[in-house]
Amino acid sequence: MALKTLSAKNAAALDKDLMSIGAFSIDQLMELAGLSVSQAVYRVHPPNRGRRILVACGPGNNGGDGLVAARHLWHYGYKPTIYYPKQSKNDLYQRLSTQLKNLNIPFTDDFPTALEETDHVIDAIFGFSFSGEVREPFPAVICALEETRIPVTSVDAPSSWNIEEGPPKEGPGTKFNPEVLVSLTAPKPLVKYFNGRHFVGGRFVSPDIRKKYDLWLPEYEGIDQVVEVGSNGQKL
């Protein structure tokens, strides 16, 4: 049986419902998403495999999830470095950045050098809503992620991928297939093109919203915020 996924249209509508019917704020959702990502990274790359984590953040919500994940990873004992070249002036993102600076977490503009000096990468550049052309300075970053041997964990979608159609047919990202994908709230159609370890995170969906969107959600254990699943949705 194929894994049930959430379409682009429904993913956008569900986000709105979480903040209206569900009464969540964007801050809460971002905190829960980033926490889920941090737990997945801890699962696939425990500190004894190397504590240096490079977090590549885009200008939108996906980047915010990455900033939150970096904070949690610092508290787990990792040494994150942030690449955040298009920093938003939105108050929420400014506060997330300040929280990291208060922990003396470094920010860098030199992605190639940072990539050479890390043990794991979090790709939090573009999420499920991405479409169109990859704009500067991210084409070179995505090409570097394609070519690196450093393991990469992507947040909700490998950056440059289309939510329905997967990797682009041309340009940056055509050969990008990260080692790990964390699907937030529910898996998106692009997972059928993904070949690595797949986690579902986002333990906050109410029964009513789950029913409205006919969501497939895994059974979470204990205090876990993520579940690793196979291609047909079985828990691993």
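- No salt bridge links D208 with K212; every basic N to acidic carboxylate O contact stays at or beyond 4.0 Å.
- For G64 against L96, the heavy-atom pair with the smallest separation is O-CD1, 3.9 Å.
- For residues 178-190, the salt bridge (charged side-chain N to carboxylate O under 4.0 Å, His left out) pairs, not counting sequence neighbours, are D156-K188.
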Would S159 and L145 count as a side chain to side chain contact (heavy atoms under 4.5 Å, CB included) here? Give the steps.
CA-CA 9 Å; S159 289; L145 293 180; 5.7 Å; no
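- The side-chain hydrogen bond (donor to acceptor under 3.5 Å, both in side chains) search around N10 returns none, not counting sequence neighbours.
- In this structure, a donor-acceptor pair under 3.5 Å is present between the side chains of S38 and Y76.
- V155 and V134 sit in two unconnected hydrophobic clusters of ILVMFWY residues. Membership requires side-chain heavy atoms under 4.5 Å apart, directly or through other members.
- Not a single side-chain hydrogen bond (donor to acceptor under 3.5 Å, both in side chains) links N90 to another residue, sequence neighbours left out.
- A salt bridge does not link E117 to R52: none of the charged nitrogens lies less than 4.0 Å from a carboxylate oxygen.
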Could you walk me through whether Y213 and V205 satisfy the side chain to side chain contact (heavy atoms under 4.5 Å, CB included) test, starting with their C-alpha distance in whole Å, then the side-chain angles of each, then the deciding distance to 0.1 Å, before giving a yes or no?
CA-CA 11 Å; Y213 291 94; V205 178; over 6 Å; no
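- Note: M19 CE to D27 CG = 10.5 Å, rounded to the nearest 0.5 Å.
- Here the CD1 atom belonging to I105 is positioned 10.0 Å from the CD atom belonging to Q99, to the nearest 0.5 angstrom.
- A side chain to side chain contact (heavy atoms under 4.5 Å, CB included) with F128 is found for exactly one of T185, D15, L190, namely D15.
- Less than 6.0 angstrom separates the ring centroid of F138 from the ring centroid of F126.
- The aromatic rings of Y193 and W161 stand perpendicular to each other, their planes meeting at an angle above 60°, with 30° marking the opposite boundary.
- V180 has its side chain out of reach of P151: every pair of non-hydrogen atoms, C-beta onward, lies at least 4.5 Å apart.
- At least one donor-acceptor pair closer than 3.5 Å links the side chain of E164 to the backbone N or O of A8.
- Each of K89, Q94, R95 was checked for a side chain to side chain donor-acceptor pair (under 3.5 Å) with D91, and the lone residue meeting it is R95.
- Hydrophobic clustering of Ile, Leu, Val, Met, Phe, Trp and Tyr side chains at less than 4.5 Å, counting indirect connections, keeps V200 apart from I209.
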Which is it for Y93 and N61 under the side chain to side chain contact (heavy atoms under 4.5 Å, CB included) test, yes or no, and what are the steps along the way?
CA-CA 9 Å; Y93 300 104; N61 290 350; 2.5 Å; yes
